Engineer: 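Provided herewith is a single structure, encoded as structure tokens, for subsequent inquiry.
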Amino acid sequence: MSDPILRYEHVDISYNGMQAVSDISFSVNQGEILGIVGESGSGKSTLIKAAMGLLGDAGLVTRGDIYYKDINLADLSQAEIRKLNGQELGMIFQNSGSAFCPIRTVGAQLYESMTEHKSITKEEFRKRAINVFSKIGFEDGDRILESYPFELSGGMQQRVGIAVALLSNPGIIFADEPTSALDVSVQKQVVDEMLMARNNFGTTIVLVTHNIGVIGAMADKVLVMKDGKMVEYGDTSQVITDPKEEYTRKLMDAVPRLRRA
Ligand SMILES: Nc1ncnc2c1ncn2[C@@H]1O[C@H](COP(=O)(O)OP(=O)(O)O)[C@@H](O)[C@H]1O
Ligand SMILES: [Mg+2]
């Protein structure tokens with residue numbers, strides 16, 4: 001096994017001095033998908049926001065270490081962490097489509113955001129984008145680049161959002177409720193797309209969701225959160241077939257399962 005690409009050690013996080021998350025330890029290896037699941041308010045987003053530099057003015061990591069490769073993110077300011085965003089740390093949120101400007105083509109916007117980080121010709125960009133699109137199941141990459149955001153459905157925008165996160169080849173992608181705003185049929189496409197990203201690019205993904213069905217369909221390991229604490233952590237197959245906690249069983253009963261393709 002390679003060294004973990006992301007490692008939390010005894011992490012506490014507070015907002016305005018009130019502890020929101022306590023004593024969290026886990027690790028994610030290169031190419032692995034870790035699912036973080038738990039009811040609303042259990043601290044899932046807080047946990048990954050700390051690694052993305054997005055805790056805001058009220059939030060603070062008050063104890064522990066968060067290693068990304070050999071960088072301790074807990075030692076950096078949020079502004080310093082955000083310099084790694086886009087390049088090292090990729091992100092997918094619930095409504096990726098809302099990040100698009102409505103009056104410019106998807107391709108023009110993607111090209112612009114890529115050239116913020118590196119110089120790349122339009123032709124190189126186009127080739128790379130179409131290659132990424134095709135490897136995650138889009139056959140009509142050309143058409144997507146020429147489209148205006150309003151010409152794409154919400155599900156399609158979300159899938160394009162994932163492609164965007166992959167374009168800069170980040171070391172790890174954090175996805176916070178990436179399927180929660182989507183119809184069940186489209187959820188499956190988004191799950192398949194993230195799996196293709198991992199399989200074809202070796203992308204490491206930390207996936208936050210309240211839907212344990214999504215975890216069952218794609219995560220290798222799962223961390224179950226309740227009231228800011230971890231209540232279970234282990235291989236997904238083990239946690240799902242033999243949950244130790246009644247709480248985990250309840251999360252499982254609450255949602256329809258998505259099957260791994
Ligand atoms: N910016 C904030 N300021 C104060 N409290 C917050 C803030 N963000 C989240 N919290 C609190 O931290 C706890 C965990 O929230 P969150 O991480 O968003 O949970 P989840 O993503 O699991 O729904 C909640 O009690 C929430 O109210
Ligand atoms: Mg959340």
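Read the numbers this way: they start at 1 and go in the same order the structure lists the ligands and their atoms. What you see is a predicted model, and the numbers here were worked out from it, not measured in a lab.
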Engineer: Which residues pass the salt bridge (charged side-chain N to carboxylate O under 4.0 Å, His left out) test with E88, sequence neighbours left out?
Structural biologist: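 E88 satisfies salt bridge (charged side-chain N to carboxylate O under 4.0 Å, His left out) with K69 once adjacent residues are dropped.
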
Engineer: Identify whether the distance between the nearest side-chain nitrogen and carboxylate oxygen of E112 and R104 falls below 4.0 Å.
Structural biologist: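 Salt bridge between E112 and R104, a charged N being under 4.0 Å from a carboxylate O: yes.
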
Engineer: Taking the non-hydrogen atoms of G59, is any one of them nearer than 4.0 angstrom to ligand 1?
Structural biologist: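 The answer is no, since G59 has no heavy atom less than 4.0 Å from ligand 1.
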
Engineer: Is a side-chain donor-acceptor pair under 3.5 Å present for T248 with E232?
Structural biologist: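 There is such a pair between these side chains.
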
Engineer: To the nearest 0.5 Å, what is the distance between CD (Q157) and CD (E151)?
Structural biologist: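 Result: 10.5 Å between the selected atoms.
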
Engineer: Do protein heavy atoms approach atom 4 (C) of ligand 1 to less than 4.0 Å?
Structural biologist: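 It does: a protein heavy atom is found less than 4.0 Å away from atom 4 (C) of ligand 1.
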
Engineer: Starting from atom 8 (N) of ligand 1, what is the nearest protein heavy atom, named by residue and atom, and what distance separates them?
Structural biologist: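 For atom 8 (N) of ligand 1, the nearest protein heavy atom comes out as Y15 CZ, 3.3 Å.
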
Engineer: Which part of E39 is near ligand 1, with near meaning a heavy atom under 4.0 Å away: side chain, backbone, both or neither?
Structural biologist: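 Contact part for E39 vs ligand 1: backbone (N, CA, C, O).
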
Engineer: Could you enumerate the protein N, O or S atoms under 2.8 Å from the Mg ion (ligand 2), written like residue then atom name?
Structural biologist: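 Checking every protein N, O and S atom gives S45 OG.
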
Engineer: Not counting sequence neighbours, which residues clear ring pair (Phe, Tyr, Trp, His ring centres under 6.0 Å) with F125? List them please.
Structural biologist: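 Ring pair (Phe, Tyr, Trp, His ring centres under 6.0 Å) list for F125, sorted by chain: Y111.
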
Engineer: What is the closest protein heavy atom to atom 18 (O) of ligand 1, and at what distance does it sit?
Structural biologist: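 Ranking protein heavy atoms by distance from atom 18 (O) of ligand 1, first comes S45 CB, 4.0 Å.
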
Engineer: Between E39 and K226, is the closest basic N to carboxylate O distance under 4.0 Å?
Structural biologist: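 So K226 does not pair with E39 through a salt bridge.
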
Engineer: Side chain or backbone, does G41 bring an N or O within less than 3.5 Å of an N or O on ligand 1?
Structural biologist: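 It does: an N or O of G41 is found under 3.5 Å from an N or O of ligand 1.
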
Engineer: Identify whether L60 and V11 are in the same connected component of the hydrophobic contact network (ILVMFWY, side-chain heavy atoms under 4.5 Å).
Structural biologist: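 No, no single cluster joins them.
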
Engineer: Just go through G43, A50, G56 and tell me whose heavy atom is the nearest to atom 19 (O) of ligand 1.
Structural biologist: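 The residue whose heavy atom sits nearest atom 19 (O) of ligand 1 is G43.
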
Engineer: Do you see a protein non-hydrogen atom under 4.0 Å from atom 27 (O) of ligand 1?
Structural biologist: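 So far as the 4.0 Å threshold goes, atom 27 (O) of ligand 1 is out of reach of every protein heavy atom.
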
Engineer: So, is the end of the R7 side chain (NZ or CZ) under 6.0 Å from the ring centre of F26 and within 45° of the ring's axis?
Structural biologist: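 Judged by the rule (NZ or CZ under 6.0 Å from the ring centre, within 45° of its axis), R7 is not positioned above F26.
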
Engineer: Does an N or O anywhere in K44 fall below 3.5 Å from an N or O of ligand 1?
Structural biologist: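 Right, the criterion is met.
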
Engineer: Does CD in E246 sit with more than 12 non-hydrogen atoms of other residues, nucleotides or ligands closer than 6.0 Å?
Structural biologist: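 Yes, enclosed.
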
Engineer: Quick one: list whatever passes ring pair (Phe, Tyr, Trp, His ring centres under 6.0 Å) with Y233, sequence neighbours left out.
Structural biologist: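 Testing Y233 for ring pair (Phe, Tyr, Trp, His ring centres under 6.0 Å), a comparison that skips the adjacent residues, returns none.
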
Engineer: Please determine which of V214, L195, L182 meets the side chain to side chain contact (heavy atoms under 4.5 Å, CB included) test together with V190.
Structural biologist: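 When side chain to side chain contact (heavy atoms under 4.5 Å, CB included) is applied between V190 and each of V214, L195, L182, only L182 qualifies.
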
Engineer: Counting only heavy atoms closer than 4.0 Å, does ligand 1 sit against the backbone of A20, its side chain, both, or neither?
Structural biologist: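 The answer is the side chain of A20.
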
Engineer: Counting heavy atoms only, name the option from D176, T46, L47, L55 that's nearest to atom 15 (O) of ligand 1.
Structural biologist: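 The nearest heavy atom belongs to T46.
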
